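For reference, the structure discussed in these notes is given below.
Numbering of ligands and ligand atoms starts at 1, following listing order. Computed from a predicted model, the values in this text were never measured in an experiment.
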Amino acid sequence: MKILHTSDWHLGRLFHQQSLLDQQLELLHQLVNVIDEYAVDAVIIAGDIYDRSVPPSAAVKAFSDFVEQVAVKRQRTIVAISGNHDGAERLGFAHSLLKQAKLHLITDLPQSVEPVVLSDADTDVHLWCVPFHDPLQVNHWLESDCKNFNTAHQMIVDRINAQRSNLSRNIIVSHCYLDGASESESERPLSIGGADRVDWQMFADFDYAALGHLHQPQYKGREHIRYSGSLMKYSFSEVNQSKSVTLIDINNKGVQDIEQITLKPSQDMRVIKGELADLIKQAQHDPHYNDFIQAILTDKQAILHPMAKLRAYYPNLMQLRKEQFEHDQRSPAAHAQEQLKKADSELIQDFFSEVHGEPLTEDQKSAISQVIQQIEQEESGS
Ligand SMILES: [Mn+2]
């Protein structure tokens with residue numbers, strides 16, 4: 001049986017105020033192609049389908065179209081849990097009706113002890129699906145007194161363990177933060193102060209743990225305890241990550257193979273660095289000018305409208321940083337103060353060479369010095 005593990009789609013997410021829905025639709029299309037190419041039997045989505053609890057209608061349509069393509073047209077099972085970004089109640093609408101149509105939405109804690117059963121000629125696979133929860137929700141359900149996410153999650157796993165059978169294969173699905181795993185900038189913390197971490201050990205004797213929340217594809221503790229990672233890069237801290245979905249092949253003996261299948265967006269996210277003039281020179285021959293770009297400028301002097309100048313070549317330039325500021329031990333504000341204190345003549349020189357593309361001549365410099373001197377004398381009233 002082939003099961004595809006994905007998570008953290010964040011449909012409807014904005015990136016620097018720009019919608020990413022076109023890119024997300026493109027990647028969902030690639031996902032459907034993977035399902036066909038590898039003859040996938042079921043898809044697990046380990047939370048954060050949407051980016052917000054009340055997603056924009058275009059994001060709801062994107063998920064609806066995916067369900068139509070996969071569960072209705074192709075008759076493959078989809079099993080999805082709610083993540084910390086999803087609105088659990090909204091996502092769980094009509095779930096008992098939908099599971100008859102191969103869409104299993106698990107958004108409520110008591111559902112975590114009722115496994116979704118996938119069967120083929122060879123094996124039964126039980127999927128134990130734990131929607132995102134905080135300790136308070138677990139305490140409310142089990143009338144317990146858990147203080148942190150780890151104890152709360154362990155209590156749910158204990159309940160699952162009491163019920164599961166070794167005669168079938170067992171997969172646990174959860175949206176949680178494994179202690180010691182690598183985070184990215186685009187995840188919203190589950191709680192303040194590190195009480196949100198969960199130990200990987202509680203997942204060790206499942207056949208597979210399909211996890212969501214962390215956006216970098218990775219495994220922790222054992223190779224079968226995995227994050228598929230997000231659908232696409234959601235911050236510039238992820239430029240060096242390669243995004244993928246995870247395909248597992250499982251039979252009655254357990255997981256036989258784990259394969260990461262890379263997703264290739266036509267617009268990548270990347271960081272470019274250098275002096276503005278050089279970046280513009282490169283940009284003129286850059287076939288990937290449409291990428292989402294963060295530019296780090298290494299120019300020493302002040303530059304007029306660098307964002308607009310570079311955007312003429314990179315329409316999706318999202319962020320501009322100045323290396324000078326960042327290598328400086330002082331705060332940007334202190335640095336700006338320092339810039340203001342620069343001699344007036346120096347500022348005028350920067351401005352002139354910026355506008356005309358060449359430095360002031362000696363004659364021009366002395367003319368400017370004279371004018372500045374004159375103004376200073378007038379201001380001091382002498
Ligand atoms: Mn997420």
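The two residues Val34 and Val40 make their nearest non-hydrogen contact at O-CG2, 4.1 Å. Of all heavy-atom pairs between Pro131 and Cys129, the closest is CD-O, 3.4 Å.
No other N/O/S atom of His215 lies as close to the Mn ion (ligand 1) as NE2 does. Closest N/O/S atom of Asp48 to the Mn ion (ligand 1): OD2.
Taking the Mn ion (ligand 1) as the corner point, the angle from His10 atom NE2 to Asp8 atom OD2 is about 110° (rounded to 10 degrees).
Ring-plane geometry between Phe63 and Phe66 is classed as parallel, the angle between the planes falling under 30 degrees on a 0 to 90 degree scale with a further cut at 60.
A 6.0 Å sphere centred on NZ of Lys309 holds more than 12 heavy atoms belonging to other residues, nucleotides or ligands.
Residue contact annotation: His85 places no N/O/S atom under 2.8 Å from the Mn ion (ligand 1).
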